[in-house]
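Notes to accompany the following structure.
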Amino acid sequence: MGVGREEEVEIHNPPRFMPGERVCATRHIKNDGTYPGKEIGASLVRKGDAGFVRDVGTFLQQFYIYAVEWIDRGIVVGMRARELMSLDEVPSLKTAAECTHRSEGKAR
């Protein structure tokens with residue numbers, strides 16, 4: 001890693017999201033080859049989709065990975081914190097408008 005590309009070690013702090021928390025995707029997510037059964041480049045999650053955090057894991061002893069169940073899509077996708085926004089916290093008007101709140105189901 002170059003000096004300008006180093007990222008903080010997220011796992012030195014508590015996870016930003018907890019299992020059962022309702023979240024919204026802040027970015028479009030495509031398959032980078034790590035999601036089985038879908039072609040590389042296939043859309044997995046659209047910006048504004050709502051889902052529930054099922055589990056929290058780590059990657060490379062540096063980052064938290066949030067297993068998010070996207071109920072409307074019927075899939076679970078590993079996401080980084082920067083790709084998510086909590087819907088359980090009181091969102092601002094701007095962030096609330098970004099999420100479509102399509103998924104009104106309950107976490108499993």
Practice prompt. Identify the two heavy atoms, one from Gly33 and one from Ile40, that lie closest to each other, and give their separation to 0.1 Å.
Written response: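 Closest approach of Gly33 to Ile40: CA-CG1, 3.7 Å.
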
Worksheet item: Which residues satisfy the side-chain contact (heavy atoms from CB on, under 4.5 Å) test with Val76, sequence neighbours excluded?
Response: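 Val76: side-chain contact (heavy atoms from CB on, under 4.5 Å) contacts with Arg54, Ala67, Glu69.
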
Any side-chain heavy-atom pair from [X] and [Y] closer than 4.5 angstrom?
X	Y	value
Glu8	Asn13	yes
Phe17	Arg22	no
Val56	Ile65	no

Fill in: Test side chain to side chain contact (heavy atoms under 4.5 Å, CB included) applied to Leu84 and Thr26, step by step
CA-CA 5 Å; Leu84 299 169; Thr26 61; 5.8 Å; no

Worksheet item: Would you call the rings of Phe63 and Phe59 parallel, tilted or perpendicular if under 30° counts as parallel and over 60° as perpendicular?
Response: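 The rings of Phe63 and Phe59 lie parallel, inter-plane angle below 30°.
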
Worksheet entry | Residues Val45, Glu83; criterion side chain to side chain contact (heavy atoms under 4.5 Å, CB included); working and verdict | CA-CA 10 Å; Val45 179; Glu83 300 167 331; over 6 Å; no

Worksheet entry | Approximate separation, where rounding is to 0.5 Å, of Met85 CE and Arg27 CZ |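 These two atoms lie 12.5 Å from each other.
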
Worksheet item: What's the spacing between Arg16 CZ and Arg82 CZ if we round to 0.5 Å?
Response: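 Spacing of CZ (Arg16) from CZ (Arg82) equals 10.5 Å.
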
Practice prompt. Taking only Lys NZ, Arg NE, NH1 and NH2, and the carboxylate oxygens of Asp or Glu, determine whether Glu10 and Arg80 approach each other closer than 4.0 Å.
Written response: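 Yes.
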
Discussion item. Quick one, Leu44 with Lys38, criterion side chain to side chain contact (heavy atoms under 4.5 Å, CB included). Give me CA distance, side-chain angles, the key distance, then yes/no.
Written reply: CA-CA 9 Å; Leu44 297 174; Lys38 299 267 187 178; 4.0 Å; yes

Practice prompt. Please name all residues satisfying side-chain hydrogen bond (donor to acceptor under 3.5 Å, both in side chains) with Glu21, sequence neighbours left out, ordered by chain then number.
Written response: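 side-chain hydrogen bond (donor to acceptor under 3.5 Å, both in side chains) check on Glu21 returns Ser86.
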
Discussion item. Enumerate the ring pair (Phe, Tyr, Trp, His ring centres under 6.0 Å) contacts for residues 18-49, please, sequence neighbours excluded, ordered by first and then second residue.
Written reply: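 Matches after skipping sequence neighbours: none remain.
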
Item to complete: Keeping the roles fixed (side chain from Asn31, backbone from Gly41), state whether a donor-acceptor pair exists under 3.5 Å.
Response: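 Checked: no pair found.
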
Worksheet item: Out of curiosity, does Trp70 fall in the hydrophobic cluster containing Met18 (side-chain heavy atoms, cut-off under 4.5 Å, transitive links)?
Response: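 Each belongs to a different hydrophobic cluster.
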
Worksheet item: Is there a side chain to side chain contact (heavy atoms under 4.5 Å, CB included) between Phe52 and Val23 once you walk through the steps?
Response: CA-CA 6 Å; Phe52 294 91; Val23 293; over 6 Å; no

